[in-house]
Amino acid sequence: MANPELGRALVVIVDDRVNHGEVEDRTGPLVAELLQEAGFVVDGAITVPGEAVAIRNALNTAVIGGVDLVITVGGTGVSPRDVTADATAGVLDRPIPGIAEALRASGLAAGAVDAGLSRGLVGISGSTLVVNLASSRSAVRDGMATLSPLVAHVIGELSGLEAG
């Protein structure tokens, strides 16, 4: 690990079926593993239903809890139940559209259609970086590869370790 102390992270899985125990969560462990490889201490992975209030509550709890990075997985598409971006918008203090666009572009280039169609947002809430990823394993893998080089810089700036 190059950055064993990059910060604390939390994973929020937005999936009705996982939340109700109908299917096993296959993306939460993947995101947690990729975060650990990137140098994060992962506080855990929680699941919430695809409901705006539940998503907002999970994000606010992560921000209040002082995590440096919270990654949501799922609920970023165009169906009526895909409300992660809408819930996230209400929590963000400052959006970072360039990173969100990079995630969409790299996802499309890698063939992760759900990443390309994602309405997911990226931004800052308090001193926490919030990232919405699409739910396919390929979107998660590609999204984390795109995100990893940027995260250390953003977190460094948020913690005041780097000059802006």
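Both backbone and side-chain heavy atoms feed into the values below; hydrogens, waters and symmetry mates do not.
With P49 as reference, N19 is the one residue of D15, V14, N19 to meet the side-chain contact (heavy atoms from CB on, under 4.5 Å) rule. V122 pairs in a side-chain contact (heavy atoms from CB on, under 4.5 Å) with only one of the listed residues (L129, V130, L150), which is L129.
With rounding to the nearest 0.5 angstrom, the CD1 atom of I46 is 11.5 Å from the CG atom of D25.
R119 has its side chain within reach of D86: a pair of non-hydrogen atoms, C-beta onward, lies under 4.5 Å apart. Side chains of V91 and N60 form a contact here, defined as non-hydrogen atoms less than 4.5 Å apart. Residues I71 and L147 have side chains in contact (heavy-atom distance under 4.5 Å, counting atoms from C-beta outward). Residues I99 and V131 fail the side-chain proximity criterion, which asks for heavy atoms closer than 4.5 Å. Annotation: side chain of E22 is not in contact with side chain of D16 (no heavy-atom distance under 4.5 Å).
Of all non-hydrogen atoms in A52 and V83, the two that sit nearest each other are N-CG2, 3.6 Å. Scanning all heavy atoms of the two residues, the minimum distance from A139 to A115 falls at CB-CB, 3.8 Å. A pairwise comparison of heavy atoms in A134 and V140 identifies O-CG2, 3.7 Å as the closest pair. Here the closest non-hydrogen pair linking A58 and V12 is CB-CG1, 4.1 Å. Residue G126 comes nearest to D93 through the heavy atom pair N-OD2, 2.6 Å, listed as atom of the first residue, atom of the second, then distance. Residues A38 and L6 approach most closely at O-CD2, 3.6 Å, considering heavy atoms.
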Residues T27, L133; criterion side chain to side chain contact (heavy atoms under 4.5 Å, CB included); working and verdict | CA-CA 11 Å; T27 54; L133 293 179; over 6 Å; no
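The closest donor-acceptor contact from the side chain of D142 to the backbone of G107 lies under 3.5 Å. Within the 3.5 Å criterion, the main-chain N or O of R8 finds a donor-acceptor partner in the side chain of D68. Under a 3.5 Å cut-off, the side chain of R137 and the backbone N or O of L30 do not form any donor-acceptor pair. The closest donor-acceptor contact from the side chain of T146 to the backbone of L103 lies at 3.5 Å or more, if one exists at all. Not one N or O on the side chain of S125 forms a donor-acceptor pair closer than 3.5 Å with the backbone of T128.
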Donor-acceptor pairs are to be reported for all side-chain atoms of residues 72-79 against protein atoms at under 3.5 Å, with residues two or more places apart or in another chain.
from	atom 1	to	atom 2	distance (Å)
T72	OG1	N132	ND2	2.7
T76	OG1	S118	OG	3.2
S79	OG	R81	N	3.4
S79	OG	D82	OD2	3.1

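Here R56 pairs with nothing under the side chain to side chain donor-acceptor pair (under 3.5 Å) rule; sequence neighbours left out. Looking at residues two or more places apart in sequence or on another chain, you find no side chain to side chain donor-acceptor pair (under 3.5 Å) involving R141.
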